[in-house]
Amino acid sequence: QVQLVESGGGLVQAGGSLRLSCAASGSMFSINAMGWYRQAPGKQRELVAVISSGGRLNYGDSVKGRFTISRDSAKNTVYLQMNSLKPEDTAVYYCNIRDKRGIYEYDYWGQGTQVTVSS
């Protein structure tokens, strides 16, 4: 059983910053990647940022240059620093862990944290 606990969401004005954190605990074998996704009302869930076990970064086009993902492997924690926030960044943000066990990969999701950016 893997648990993901997210924190750091909230309400911020456009141009402001927020930092999200996600701590993973439980029976993980080998974390392959950690990342953040978001889902706005009426829209599909989309990639925000992912960091692989080797440190490779991947960002969604809409957040490049404004958001930064990082991880503390010793703490199994992933962070998302969000700067220059825009109203269109408003969404529920979900933490994701991809745990690799042999040839299989398992995705675990956090409960989601609301980010609201006012104009």
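- Tyr37 and Leu57 end up in different hydrophobic clusters when Ile, Leu, Val, Met, Phe, Trp and Tyr side chains are linked at under 4.5 Å.
- Of the residues listed (Val117, Thr113, Val12, Asp89), the one engaging Leu18 in a side chain to side chain contact (heavy atoms under 4.5 Å, CB included) is Val12, and it is the only one.
- Cluster membership for Val92 and Met34, using ILVMFWY side-chain heavy atoms within less than 4.5 angstrom, is not shared.
- The closest side-chain donor-acceptor pair between Thr116 and Gln114 falls under 3.5 angstrom.
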*asked:* Assess the residue pair Trp36 and Cys22 against the criterion (side chain to side chain contact (heavy atoms under 4.5 Å, CB included)); give the C-alpha distance rounded to whole Å, side-chain angles, the decisive distance to 0.1 Å, and a yes or no.
replied: CA-CA 9 Å; Trp36 294 92; Cys22 173; 3.6 Å; yes
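- Side-chain contact between Gln111 and Glu6 is present, with at least one heavy-atom pair separated by less than 4.5 Å.
- Taking 4.5 Å as the limit, every side-chain heavy atom of Arg71 sits out of range of all side-chain heavy atoms of Tyr79.
- Linking ILVMFWY side-chain heavy atoms closer than 4.5 Å, directly or via other members, places Val115 and Trp109 in two distinct hydrophobic clusters.
- For the residue pair Asn83 and Ser17, a side-chain donor N or O sits within less than 3.5 Å of a side-chain acceptor on the partner.
- In terms of hydrophobic clustering, with Ile, Leu, Val, Met, Phe, Trp and Tyr side chains grouped at heavy-atom distances under 4.5 Å, Ile31 and Tyr106 are assigned to a common cluster.
- Atom NZ of Lys64 has more than 12 heavy atoms from other residues, nucleotides or ligands within 6.0 Å.
- Screening residues 102-115 for salt bridge (charged side-chain N to carboxylate O under 4.0 Å, His left out), with sequence neighbours left out, gives Arg98-Glu105, Arg98-Asp107.
- Across Thr90 and Ala40, no two heavy atoms sit closer than the pair O-CB, 3.7 Å.
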With a 3.5 Å cut-off and sequence neighbours excluded, list the donor-acceptor pairs that the side chains of residues 45-52 form with protein atoms.
unit_1, atom_1, unit_2, atom_2, d
Glu46, OE2, Arg38, NE, 2.6
Glu46, OE2, Arg38, NH2, 3.1
Ser52, OG, Gly54, N, 3.3
Ser52, OG, Gly55, N, 3.3
Ser52, OG, Arg56, N, 2.9

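- Taking CG from Asn32 and CD1 from Ile97, the interatomic distance works out to 10.5 Å, rounded to the nearest 0.5 Å.
- Taking NZ of Lys75 as the start and OG of Ser73 as the end, the distance is 12.0 Å to the nearest 0.5 Å.
- How far CG of Asn76 is from CD of Gln3: 12.0 Å, rounded to the nearest 0.5 Å.
- Aromatic ring orientation, Tyr93 versus Phe67: tilted (interplanar angle from 30° to 60°).
- Leu80 places none of its side-chain heavy atoms less than 4.5 Å from the side chain of Val78.
- Annotation: the span from Arg19 atom CZ to Ser70 atom OG amounts to 6.0 Å, rounded to 0.5 Å.
- Under the 4.5 Å side-chain heavy-atom criterion for Ile, Leu, Val, Met, Phe, Trp and Tyr, Leu20 and Tyr59 are members of the same hydrophobic cluster.
- In this structure, the side chain of Asp99 engages the main chain of Phe29 through a donor-acceptor pair within 3.5 Å.
- Across all their heavy atoms, Gly110 and Tyr94 have their closest contact at O-CD2, 3.6 Å.
- Taken to the nearest 0.5 Å, the OG atom of Ser30 stands 10.0 Å off from the CZ atom of Arg101.
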